[in-house]
Amino acid sequence: MTGEYNPAAIREKWQAYWDQHKTFRTANPGDAGFDAARPKCYILDFFPYPSGAGLHVGHPEGYTATDILARYKRMKGFNVLHTMGWDAFGLPAEQHALETGQHPAVTTTNNINTFRRQLKMLGFSYDWDRELSTTDADYYKWTQWIFLQIYNSWFDDTQEKARPITELPIPADVKSRGEKAVREFVDSHRLAYLAEVPVNWCPALGTVLANEEVTNEGKSERGNHPVFKRPLKQWMLRITKYADRLADELEELHWPEAVKLMQRNWIGRSEGAQVRFKLDGHAEELEIFTTRPDTLFGATYMVLAPEHPLVAKITTPGQRSAVTAYCEAAINRSELARTAETKEKSGVFTGAYAINPVNNERIPVWVADYVLIGYGTGAIMAVPAHDERDFEFAMQFGLPIRCVVLPPDRSYIDANHTQQVGWSSRYDELRDAGAEYKEAKQQVYDEMFDVRLIKAFCDEGMAINSRPATLDRLLPSLNINGKKTPAAKDQVIRALERRGLGTRTINYKIRDWLFSRQRYWGEPFPILHGPDGEVVALDESELPLTLPEISDYHPTVTHEGNEEVPAPPLGRATEWVTVTRGGKSYRRELNTMPQWAGSCWYYLRFCDPKNAMRFVGKEAERYWMLSKKKDGTYHVGGIDLYLGGAEHAVLHLLYARFWHKVLYDLGHVSTIEPFGRLFNQGMIRAFAYRDSRGIPTGYEDIDFREDGAIHKATGEKLHASVEKMSKSLKNVINPEQVVNEYGADSLRLYEMFMGPLEASKPWNPRDVPGVFRFLQRVWRLLVDETTGGLSSYISANEPHPPVEESHGRPSGPPDALERLLHKTIKKVGEDIERLAFNTAISTMMEFVNEAYRAKSIRKDQAERFVLVLSAFAPFIAEELWQRVRGPAWKTSIAYEQWPAFDPKLVEDDEVEIPVQVNGKLAGRLVVSKSAPQDAVQTAAMGDPKVAEKLGGKPVVKAIYVPGRMLNLVVKG
RNA sequence: GCCGAAGUGGCGGAAUGGCAUACGCGCCGGUUUCAAAAACCGGUUCCCGCAAGGGAAUGGGGGUUCGAGUCCCCCCUUCGGCACCA
């Protein structure tokens, strides 16, 4: 190797070195070389789906950030667990198989090899011995095992936790009905259960689509073919039982508030009441859920979802044909199509009437598709005055709108039609007439307010018009007039409960998790179906249940009457499918698990990836997952940093938390949460250049001139905009190309230098040379380019301190550069801890600029600087370290100690401070930090510029922040 | 529509309530060179001015404060999430 900075040669040399020496192999408790005295740090990236396209510049953004932190923590003496693996089951490989016939396993292996090669180029300090793929039978054996744990559990509502199914108490009456009844009872309590659920069947593509693959018009995203809902038996996981814990236990986590909020919204806990309405002329009652029981007096009609079972029963003959037509149309429209059309409400009157339990009013019952069957009871009481949807519907169909909550401001009220809102004058009138304070107040509230609203008022306010007409007979305690919303709610609920008309209830938006896919490339379920519909789980000893080979990855189709009924492709593996046991013939479950399954627990397997006896060894799990807080108590979640894109803010993180909690309840893991600290990196976007017709142009066809981007061939000036990278916009940046041009260290540095990690930011190819230049400057500061020896900047006359003193502690006299180095070490360390890598890099740049200005740097200073740099740019740092240390030096820089700084050298005693007059800058002053205020003030007044600004007026007040600024306040 | 994040030079961005524009890109000038590139040194928010200097500016408007890019209220724009969840 010559003296010039040659990133490619350096990269190859050190990549091979790290591989050969297994530099980043991490020992587990009990392994040789494990040092129990060191604290642990588990730093994890969202592992990638190894797509055929290879690495994208978005991947190395997060991976570089975690790598810097991992390297820093290692140098700070931590045992660092930093790992990488592959979320390799999933759709694209299967689709590729459908198109080419190539086995998904082959595609997957190839893609993984590409990803691994590309990641290794970037110098990430992963322990590659822990690499895993969700598609390895050794791995998915345990995914299946966890499924069995879930299947073999039930949720004990009193203890609020999962327990083994064997501990489920069987009621005597169930027992008495025989074995089948017991089995059904048990099955209906399992955390994994079978249910009939509609799936998206696309006959033209011959496949079942995920909801995301279906357009709003109910067509397939690929090909625009029609998609039909077909009910299929599906595995469901009872995540709803964990709704409260999933919401409440977010509290303690060090996560972005936005993500916590998104999860809470997804869970959608809402408190309210279930209320039963009698139906006029029917024995059945209509049960509804409402979060605003205080508005019960404002209910002017009821609405049933089209799928509601009561619709058929209560519809009067006169309305029957209209209602039937409406319901059929609504049910056949996809859910997406139904919710997409938010513009106009639709609905039909059933002809039936319900009785409002609080005032005996007879109100019409409608059917409308704005009420969803899946939420609450699938029926509502409509309070148009205080619900926007009901308001809109009532306006459209001319239904009455009765205001029962007085809005605190007039913007809601139609002044032309409102007679009585001047209630304070009415109060005075009553008091003048001799009424007691309380009486007068109540009298005002009890008088009917004729308030006409111009829009729905949905916030809290004061209840009005809310008293039964005949107080005594119905609900004597139910006059809520004058009550504020929360108190009114509470009073209504308690009154309803006393009368047996309703109950306090909590509802959630979150649904049970649809856990099966009609796909080939996923984990097979360890489940057998018996001849009489009995479901049997495989024994743990029969795992893994491996995927059989099949030649055609399309689903199979059977016909039931005119209808096509799809079945998963695994049905083609006829030998695999049938299992004989105890003389009985069983069929294997043909569905496979969704891609989420494998990613739900990989962080646990990384703790102990080779364990053949358990999904993770107990000791390894405890060591890596239990994090102590500063106060000695344990953190609720074990992973010290989990970093990835915001696109997984809800589902992946929620599903993984759910599995983790089940495993915790069953005693398999030691923390209630998996990810103590979460961080989302921002998206990297890129400039796209379009011509006047809007057609994108690739960078290679553009001439970047000072006056703008010009199309090379046509000479047309192109319009630039920042967009998500995509093939069609021709703005995709390939990281491998950047590595070839500038080296891996430059790529890493640029990714971090672009801006704050969490911000979305544009990739600008013109900025990459900037960080490359910085690395070259570092190189030339230390290395003589012609000889390859140490540069002339490195002062030779200084004695070279012994190894153990040269880093890890300050040495040498505190000259200006030494002071700056201490500041740099402090600032970079702090910035790494708060993941502010962009400012850390600026700080290093400033140090190098200053060293050039000084034209000299001591060898020990150079060494300490290289240590700091090594977390960011490990290849160049290894090489420089070796060169500075001399040819005898043979070990990696990765386990050297992070240099220390002296707090005394970080603080300057002489500082320049601004002097302000009335808050405006008037001048600057160099002062000693310890100088008393009056000395500083006297010096400031002596400054001619300051004196001029003061204009001879007396200083009425002076604010001095020692060492920061002085502000002189004068009158006028 | 609702919820969340963000708006600072030509560009990416920096700034515990205390000198706005660090660092980098680009641009301008200088050194070096036969010349160019590279490298090194210096300059570069905008407006007026030859200059010294002066004025304005952190999306817009108001407020709190000795002092606001930062805190509070209203509005505008962009991005992200949810989308009839009663």
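Letters A, B, ... mirror the listed sequences (proteins, then strands); counts begin at 1. None of these values were measured; they are calculated from a predicted model.
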Quick one: label A:Thr843 by what it contacts on the DNA or RNA (base, sugar-phosphate, nothing), any heavy atom closer than 4.0 Å. nothing
Under a 3.5 Å limit on both distances, the Watson-Crick or wobble mate of B:C84 is none
Would you mind classifying the nucleic acid contact of A:Ile380 as base, sugar-phosphate or nothing, using non-hydrogen atoms under 4.0 angstrom? base
For B:U16 versus B:G69, give the span between their P atoms, rounded off to a whole number of Å. 13 Å
Just how far, in rounded Å, is P of B:A38 from CD of A:Gln776? 11 Å
N/O donor-acceptor pair, side chain A:Asn967 with base B:C66, under 3.5 angstrom: yes
Which nucleotide in B:C40, B:C79, B:C84 has an atom nearest any side-chain atom of A:Lys345: B:C84
Spacing between A:Asp369 atom CG and B:A83 atom C1', to the nearest angstrom: 15 Å
Distance check, P atoms only: B:A22 and B:U45, in whole angstrom units. 8 Å
Is there a side-chain contact between A:Arg777 and the phosphate of B:C40, meaning an N or O under 4.0 Å from OP1 or OP2? yes
Hey, which of these two, A:Lys827 or A:Tyr750, hits RNA chain B nearer its 5' end, going by closest nucleotide? A:Tyr750
Would you classify A:Lys509 as touching base, sugar-phosphate or nothing, given that sugar-phosphate means primed atoms plus P, OP1 and OP2, and contacts are heavy atoms under 4.0 Å? base
Once you apply a heavy-atom cut-off of 4.0 Å, does A:Asn838 come out as touching a base, just sugar-phosphate, or nothing? sugar-phosphate
Quantified in whole Å, what is the C1' atom distance between nucleotide B:G60 and nucleotide B:A52? 36 Å
Using the side-chain heavy atoms of A:Leu261, tell me which of these nucleotides is nearest: B:G13, B:A22, B:G4. B:G4
Could you give the distance separating B:C74 and B:C84 at their P atoms, to the nearest angstrom? 28 Å
Quick one: A:Lys823 NZ to B:C23 P, roughly how many Å, whole number? 14 Å
A:Leu921 atom CG is separated from B:G53 atom P, nearest whole Å, by 13 Å
Between A:Arg964 and B:U16, is there a side-chain N or O to OP1/OP2 distance below 4.0 Å? no
Which whole-number value in Å describes the distance from A:Phe391 CZ to B:G1 P? 17 Å
What does A:Glu912 touch in the nucleic acid at a heavy-atom separation under 4.0 angstrom: a base, only the sugar-phosphate, or nothing? base
Under 4.0 Å between any heavy atoms, over every strand shown, what does A:Pro769 touch: base, sugar-phosphate, or nothing? Just pick one. nothing
B:G59 to B:U78 separation - C1' atoms, rounded to the nearest Å: 11 Å
On a whole-Å scale, what distance lies between the C1' atoms belonging to B:G18 and B:A68? 10 Å
When rounded to the nearest Å, what value does the distance between P atoms of B:C50 and B:U65 take? 43 Å
Which base, if any, makes a Watson-Crick or G-U wobble pair with B:A5, both distances under 3.5 Å? B:U78
When the distance from CD of A:Glu758 to C1' of B:G7 is rounded to whole Å, what number comes out? 15 Å
Reckon A:Asn849 touches a base, only the sugar-phosphate, or nothing at all at heavy-atom distances under 4.0 Å? sugar-phosphate
What is the glycosidic conformation of B:G9: syn, defined as within 90° of 0, or anti? syn
By nearest-heavy-atom nucleotide on RNA chain B, the more 5' of A:Glu846 and A:Ala258 is A:Ala258
Rounded interatomic separation in angstrom, taking CG from A:Asn265 and P from B:A83: 10 Å
Give the rounded distance in Å between these two atoms: CZ of A:Phe393 and C1' of B:G1. 19 Å
Does A:Tyr852 reach a base, just sugar-phosphate, or nothing at all? Heavy atoms under 4.0 Å. sugar-phosphate
